[in-house]
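Report on the following structure.
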Protein chains: 2
Amino acid sequence: MPKIVDPEERRASVAAAVWRVVRRSGLDGVSVRTVAAEAGLSPGSLRHYFATQAEVLAFAMQLVLDRVRARVEAVEPDPDTATAVRRVIEELLPLDAERRAEAEVWLAFTTRAQVDPALRALRDASYDALESVCGQLTDALLPDHPGREAEVERLYALIDGLVLHAVMRPDRATPALMRAVVDRHLTELTR
Amino acid sequence: MPKIVDPEERRASVAAAVWRVVRRSGLDGVSVRTVAAEAGLSPGSLRHYFATQAEVLAFAMQLVLDRVRARVEAVEPDPDTATAVRRVIEELLPLDAERRAEAEVWLAFTTRAQVDPALRALRDASYDALESVCGQLTDALLPDHPGREAEVERLYALIDGLVLHAVMRPDRATPALMRAVVDRHLTELTR
DNA sequence: AGTGATTTGGTACGACTGTGCCAGAAAAAC
DNA sequence: GTTTTTCTGGCACAGTCGTACCAAATCACT
């Protein structure tokens with residue numbers, strides 16, 4: 001195993017350590033010491049890559065949002081509009097273990113953003129971006145649709161609700177059920 | 001102003017203090033001292049009503065869930081099915097400042113339930129109850145509907161997504177927009 | 001009024017927090 | 001080979017955390 005020397009990779013590995021701690025103990029369990037231990041670093045060394053703990057949190061959250069954005073952007077287009085829309089939506093849903101873990105971390109950060117201005121800025125930006133995506137999906141399915149705003153919010157709320165449920169009750173909100181819900185919604189929209 | 005002497009009222013006022021602290025500083029800001037100060041008590045006195053801090057949190061969360069349940073149960077029935085369904089849904093949504101505050105607290109506790117077994121039990125029970133409510137609403141609108149499970153989850157996810165958005169972005173997810181979304185959804189279901 | 005139970009305020013303890021700081025190791029530059 | 005920079009580990013500090021404990025105050029009841 002090659003040693004990680006690139007500072008940016010080191011920061012990324014710290015972020016991954018943050019994610020693991022968040023999943024195990026929640027965002028409250030994230031301290032300088034727990035993260036350092038999880039990343040295999042000493043607290044003093046950790047401080048060399050991140051000046052403050054707030055910087056650690058902001059970086060770890062930003063990386064989550066970046067991953068979601070990258071996945072959505074990487075969706076290959078499809079001649080069939082409904083198929084293209086479905087693919088984008090399914091990239092936003094935690095349909096496998098990795099993305100469910102990602103969603104858990106997202107929820108933790110999103111909730112803390114409620115009382116942390118720095119994280120709130122990140123959250124609001126990603127909220128706007130996702131709302132825009134949902135707007136594009138809606139326009140693709142229903143061009144010049146009256147009541148567009150409500151239709152966009154309906155899709156966005158449905159997606160976030162599914163994500164929330166998959167995090168809270170993965171035994172209930174299974175990938176199969178989430179797909180069925182999306183199927184039904186898209187079928188109704190294109191009818 | 002009469003003095004509060006009833007122990008149960010005292011506990012409720014402590015829970016209210018917890019809610020205020022949660023809204024101001026998040027669930028992390030809830031400590032024995034901050035809650036005691038917010039409730040106008042000394043830490044030692046607080047411990048006389050709650051043996052542990054975990055008990056304080058469980059009680060405060062339970063009271064939130066009780067309020068939601070009481071509101072849903074208090075919905076007066078209506079001969080028109082669609083109207084009755086809409087009324088129940090609108091009781092679940094944070095359409096005014098008070099219920100939005102309630103939703104903020106709910107989100108904080110729900111997120112912590114992810115890593116706190118005691119709170120998780122409360123959350124899971126209320127999740128099941130709300131899922132059951134959504135099932136009844138769905139059955140009322142669409143009796144003997146094929147794919148009932150997906151339809152129920154679609155409604156439940158939509159509601160929770162709207163709640164989540166109202167908490168995160170009250171400027172975007174306004175009461176008017178939420179009503180419009182629900183309107184559109186119900187119109188589509190009954191079509 | 002007196003007695004026993006309840007309620008209150010406050011202190012103390014060990015554990016944990018973020019951050020500041022520094023000496024030594026490792027690496028890089030010359 | 002020497003110097004300079006980067007990196008690492010660890011200690012110290014002030015502060016907060018939950019909880020245990022206790023004496024004083026207040027209350028209820030005879």
Side-chain angles (χ1 to χ4, degrees), chain A residues 1-22 24-61 108-109 111-113 115-119, chain B residues 1-22 24-61 108-109 111-113 115-119:
Chain A
M1 195 174 124
K3 258 183 82 171
I4 298 176
V5 284
D6 180 27
E8 212 48 45
E9 282 190 30
R10 183 50 70 82
R11 286 166 67 95
S13 84
V14 169
V18 170
W19 299 342
R20 289 193 294 274
V21 174
V22 165
R24 191 194 317 132
S25 320
L27 207 27
D28 311 340
V30 174
S31 74
V32 176
R33 290 159 183 83
T34 58
V35 170
E38 181 71 36
L41 265 57
S42 73
S45 184
L46 177 61
R47 248 186 79 80
H48 191 257
Y49 293 95
F50 295 95
T52 69
Q53 185 70 351
E55 196 181 327
V56 174
L57 293 185
F59 184 81
M61 180 175 183
F109 276 109
T111 303
R112 171 155 300 196
V115 291
D116 184 328
L119 300 185
Chain B
M1 196 174 125
K3 259 182 78 173
I4 298 176
V5 285
D6 180 28
E8 212 48 44
E9 281 190 30
R10 183 50 70 80
R11 285 166 68 94
S13 85
V14 169
V18 171
W19 299 342
R20 290 193 294 273
V21 174
V22 165
R24 191 194 317 131
S25 320
L27 209 27
D28 311 341
V30 174
S31 73
V32 175
R33 291 160 182 83
T34 58
V35 170
E38 181 71 34
L41 266 58
S42 73
S45 183
L46 176 61
R47 245 186 82 81
H48 191 258
Y49 294 95
F50 295 94
T52 68
Q53 185 69 354
E55 197 181 327
V56 174
L57 293 184
F59 184 81
M61 181 176 184
F109 277 109
T111 302
R112 170 155 300 197
V115 291
D116 184 327
L119 300 185

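Quick note on labels: first sequence line is chain A, next is B, and so on, each numbered from 1. Reckoned from all heavy atoms, side chains included, excluding hydrogens, waters and symmetry mates. Only a predicted model underlies this, so the values are computations on that prediction, with no experimental measurement involved.
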Pair listing, salt bridge (Lys or Arg N to Asp or Glu O under 4.0 Å) test, anchored in residues 44-58 of chain A, at least two apart:
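Salt bridge (Lys or Arg N to Asp or Glu O under 4.0 Å) check on residues 44-58 of chain A returns A/Arg11-A/Glu55.
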Once salt bridge (Lys or Arg N to Asp or Glu O under 4.0 Å) is applied, what residue pairs with a partner in residues 27-36 of chain B remain, sequence neighbours excluded?
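Of all non-adjacent pairs touching residues 27-36 of chain B, those that pass salt bridge (Lys or Arg N to Asp or Glu O under 4.0 Å) are A/Arg112-B/Asp28, B/Asp28-B/Arg112.
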Rounding to a whole Å, what distance do you find between [X]:[atom1] and [N]:[atom2]?
{"X": "B/Arg11", "N": "C/dT7", "atom1": "CZ", "atom2": "P", "answer": "12 Å"}
{"X": "B/Leu46", "N": "C/dT7", "atom1": "CG", "atom2": "P", "answer": "14 Å"}
{"X": "B/Leu27", "N": "D/dG18", "atom1": "CG", "atom2": "P", "answer": "11 Å"}
{"X": "B/Leu57", "N": "D/dC17", "atom1": "CG", "atom2": "C1'", "answer": "13 Å"}
{"X": "B/His48", "N": "C/dT7", "atom1": "NE2", "atom2": "C1'", "answer": "6 Å"}
{"X": "B/Asp116", "N": "D/dG18", "atom1": "CG", "atom2": "P", "answer": "13 Å"}
{"X": "A/Arg10", "N": "C/dA27", "atom1": "CZ", "atom2": "C1'", "answer": "14 Å"}

At less than 4.0 Å, is any side-chain N or O atom of A/Tyr49 found next to OP1 or OP2 of D/dT6? Yes or no.
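Result: no.
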The single option from B/Val35, B/Leu57, B/Val14 passing side chain to side chain contact (heavy atoms under 4.5 Å, CB included) against B/Phe50
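Going through B/Val35, B/Leu57, B/Val14 one by one, the side chain to side chain contact (heavy atoms under 4.5 Å, CB included) with B/Phe50 is satisfied by B/Val14 alone.
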Can you see which heavy atom on A/Trp19 is nearest to which on A/Ala60, and at what distance?
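Distance-wise, the nearest heavy atoms are NE1-O, 3.2 Å.
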What pairs of nitrogen or oxygen atoms, one from the protein and one from nucleotides 15-17 of chain C, lie under 3.5 Å apart?
| from | atom 1 | to | atom 2 | distance (Å) |
| --- | --- | --- | --- | --- |
| C/dT17 | OP1 | A/Ser31 | OG | 3.1 |

Could you tell me the separation between the CZ atom of B/Phe59 and the OH atom of B/Tyr49, rounded to the nearest 0.5 Å?
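Going from CZ on B/Phe59 over to OH on B/Tyr49, the span is 12.5 Å.
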Is a donor on one side and an acceptor on the other found under 3.5 Å between the side chain of [X] and the backbone of [Y]?
{"X": "B/Ser13", "Y": "B/Arg10", "result": "yes"}
{"X": "B/Thr111", "Y": "A/Thr111", "result": "no"}
{"X": "B/Ser25", "Y": "B/Val22", "result": "no"}

Scan nucleotides 20-25 of chain C nucleotide by nucleotide, 5' to 3', and note B when protein non-hydrogen atoms come under 4.0 Å of the base, S if they reach only the sugar-phosphate, - if neither.
B-----
Would you list the atom pairs, donor with acceptor, under 3.5 Å between side chains in residues 36-45 of chain B and any protein atom, with sequence neighbours excluded?
| from | atom 1 | to | atom 2 | distance (Å) |
| --- | --- | --- | --- | --- |
| B/Glu38 | OE1 | B/Arg24 | NH2 | 2.4 |
| B/Glu38 | OE2 | B/Arg20 | NE | 2.6 |
| B/Ser42 | OG | B/Ser45 | N | 3.1 |

Check DNA chain C for consecutive Watson-Crick or G-U pairs with both distances under 3.5 Å and list the runs of at least three as stems.
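The stems that DNA chain C takes part in, listed by first number, are C:1-30 with D:1-30.
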